[in-house]
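Structure record follows, encoded as structure tokens.
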Amino acid sequence: MAHADIAALFDLPFMDLLYRAQQVHRAHHDANRVQLSTLLSIKTGGCAENCGYCSQSASFETGLKASKLMDHDAVVASARAAKAAGSERFCMGAAWRSPKERDMPALTAMVAEVKALGLETCMTLGMLDRSQAERLAGAGLDYYNHNLDSGPEFYGEVVTTRTYGDRLDTLENVRASGMAVCCGGILGMGESRADRVDFLHALATLPKHPESVPLNALVPIAGTPIGDRMIAGGEARIDDIEFVRTVAVARILMPTSSVRLSAGRESMSQACQALCFLAGANSIFTGDRLLTTENAGGDADGALFAALGLMPMSAGA
């Protein structure tokens, strides 16, 4: 679909857009089932990249203390707890530009043991070369997350230590390994609607649609360039209706993908989240934390699901 066609979707009356997105969603998904996933930071802070929204970058003073790779047994114990709490997918994130060779044996062992618990497995470790992707796939990794973050035109406002082409190269290596792709971005970093059109066009015109599309609402973090601008009021945060519009357009463009509400849910009202589900979102991260930011938490999610009559996919799906 061309940029102009995507822009035309954004311009639809809100109710018409949601109606169209709901039709697409119901044609491919159970409208009352939502996948629960858990995200664990297995290596926090000290990242060499300068992503302007991220507390884990070594370039910024955010008060976050860097840590080493998490102990293998502790990761597996966290995965067991996540499964017991109802999660279907367990995602492991490490703050690296890319994994080092010395870390690969530990990473593949984590994947194999989490997979053996009966969970879907996902990792986000930065850039991967073809060999690394193949080794993770061989260990049983189901999904690899590597976000585009934004559209190519706005990308230089977000990060300068890696190129858009670098991100696309990693996605190509993940695809070639046979793993499924988890790829999305962050909304509300000061981008325009045209930039959001550009971002969704980039996702929807990949050689194959990502199987999972995480959409994050920026969580402004003091000490990061983008976060400081938002906190100071220099940039307007994305409003709820525009966020829901973006979810709806993503669902229309990528009908069979899981559209995942990711960071930022802790500040969204139940009504906003309900509109996101109506617009086609069908996956969330549950638990109290997402890497280094707060999350809604299991009790809040349970109350939301009860209010909306939603069920986890793992519950008999």
Side-chain angles (χ1 to χ4, degrees), residues 1-25 27-29 51-53 145-160 162-172 174-175 180-218 226 229-230 235-264 275-276 278-283:
M1 185 176 285
H3 280 79
D5 296 321
I6 299 174
L9 289 174
F10 270 97
D11 288 340
L12 286 172
F14 186 68
M15 301 306 175
D16 292 347
L17 176 61
L18 260 62
Y19 177 66
R20 184 165 169 183
Q22 180 70 188
Q23 286 180 306
V24 172
H25 186 59
H28 298 277
H29 306 276
C51 303
Y53 53 81
N145 167 259
H146 197 64
N147 289 337
L148 292 179
D149 280 355
S150 71
E153 293 300 317
F154 188 74
Y155 183 77
E157 302 296 318
V158 179
V159 56
T160 60
R162 75 174 86 168
T163 68
Y164 215 71
D166 290 333
R167 292 186 182 270
L168 294 173
D169 287 345
T170 290
L171 294 177
E172 182 180 345
V174 171
R175 263 302 168 221
V181 168
C182 178
C183 183
I186 303 171
L187 306 174
M189 296 188 290
E191 79 281 356
S192 65
R193 178 181 282 186
D195 292 319
R196 289 189 280 278
V197 169
D198 197 33
F199 161 60
L200 291 182
H201 179 266
L203 283 175
T205 56
L206 289 169
K208 182 180 179 183
H209 290 161
E211 283 81 1
S212 178
V213 179
L215 296 178
N216 301 272
L218 177 73
I226 294 175
R229 288 199 299 272
M230 294 291 172
E235 301 278 4
R237 298 192 193 186
I238 187 170
D239 66 72
D240 289 349
I241 298 299
E242 185 70 9
F243 187 90
V244 175
R245 280 188 183 276
T246 309
V247 172
V249 175
R251 167 52 68 218
I252 293 167
L253 294 176
M254 295 169 281
T256 63
S257 301
S258 292
V259 176
R260 184 188 306 278
L261 287 184
S262 298
L275 284 173
C276 288
L278 185 66
N282 63 338
S283 182

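Heavy atoms only: backbone and side chains are in, while hydrogens, waters and symmetry mates are out. Residue numbers start at 1 and run along the sequence shown. If you're wondering where the values come from, they're calculated on a predicted model, not measured in any experiment.
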Does any non-hydrogen side-chain atom of L9 lie less than 4.5 Å from one of L200? no

Can you name the nearest heavy-atom pair linking N282 to S258, along with the distance? OD1-CA, 3.4 Å

Hits for ring-ring contact (aromatic ring centres under 6.0 Å, His included) against F10, two or more places apart or cross-chain, chain-then-number order -> none

Residues two or more places apart in sequence or in another chain: which of them pass salt bridge (Lys or Arg N to Asp or Glu O under 4.0 Å) with E153? none

Checking Y164 side chain against S150 main chain: does a donor-acceptor pair fall under 3.5 Å? yes

Taking only residues two or more places apart in sequence or in another chain, which ones pass side-chain contact (heavy atoms from CB on, under 4.5 Å) with R175? V181, K208, E211

Could you tell me whether the side chain of F243 reaches within less than 4.5 Å of the side chain of L275, counting heavy atoms only? no

Sequence neighbours excluded, which residues qualify as side-chain contact (heavy atoms from CB on, under 4.5 Å) partners of D5? M1, A2

Partners passing ring-ring contact (aromatic ring centres under 6.0 Å, His included) against H25 (at least two apart in sequence or in another chain): H29

With rounding to the nearest 0.5 Å, note down the distance linking CG in D11 to CG in L17. 10.0 Å

I want to check something: taking the side chain as every heavy atom from C-beta on, are V259 and L215 in contact at a cut-off of under 4.5 Å? yes

Find the distance between OG1 (T170) and CG (L148) and round it off to the nearest 0.5 Å. 10.5 Å

Quick one: side-chain contact (heavy atoms from CB on, under 4.5 Å) partners of Q23, sequence neighbours excluded? Y19

Those residues that, when tested against E157, pass salt bridge (Lys or Arg N to Asp or Glu O under 4.0 Å) (two or more places apart): none

Flag side-chain contact, heavy atom, 4.5 Å: L218 against M230: yes

Looking at P210 and L203, what are the two nearest heavy atoms and their distance? CD-O, 3.8 Å

Can you sort out the partners of R251 under salt bridge (Lys or Arg N to Asp or Glu O under 4.0 Å), two or more places apart, ordered by chain and number? none

Residues which pass salt bridge (Lys or Arg N to Asp or Glu O under 4.0 Å) with R20, listed by chain and number, not counting sequence neighbours: none

Pairs involving residues 196-207, ordered by first then second residue, that meet salt bridge (charged side-chain N to carboxylate O under 4.0 Å, His left out) (sequence neighbours left out): E191-R196, R196-E242

With sequence neighbours excluded, what pairs up with R260 under the side chain to side chain donor-acceptor pair (under 3.5 Å) test? S37, S212, S283

Could you check whether any side-chain N or O of D149 sits under 3.5 Å from a backbone N or O of I186, counting only pairs where one atom can act as donor and the other as acceptor? no

Any side-chain to backbone donor/acceptor pair from N216 onto S262? Under 3.5 Å, distance only. no

Quick one: pull up OG1 in T163 and CG in D166 and give me the separation to the nearest 0.5 Å. 3.0 Å

All side-chain contact (heavy atoms from CB on, under 4.5 Å) counterparts of H209, not counting sequence neighbours: A204, M254, P255, S257

Compare every heavy atom of C183 with every heavy atom of L171, then report the nearest pair and how far apart it is. CD1-SG, 3.8 Å

Quick one: do R162 and D169 make a salt bridge, cutoff under 4.0 Å? no

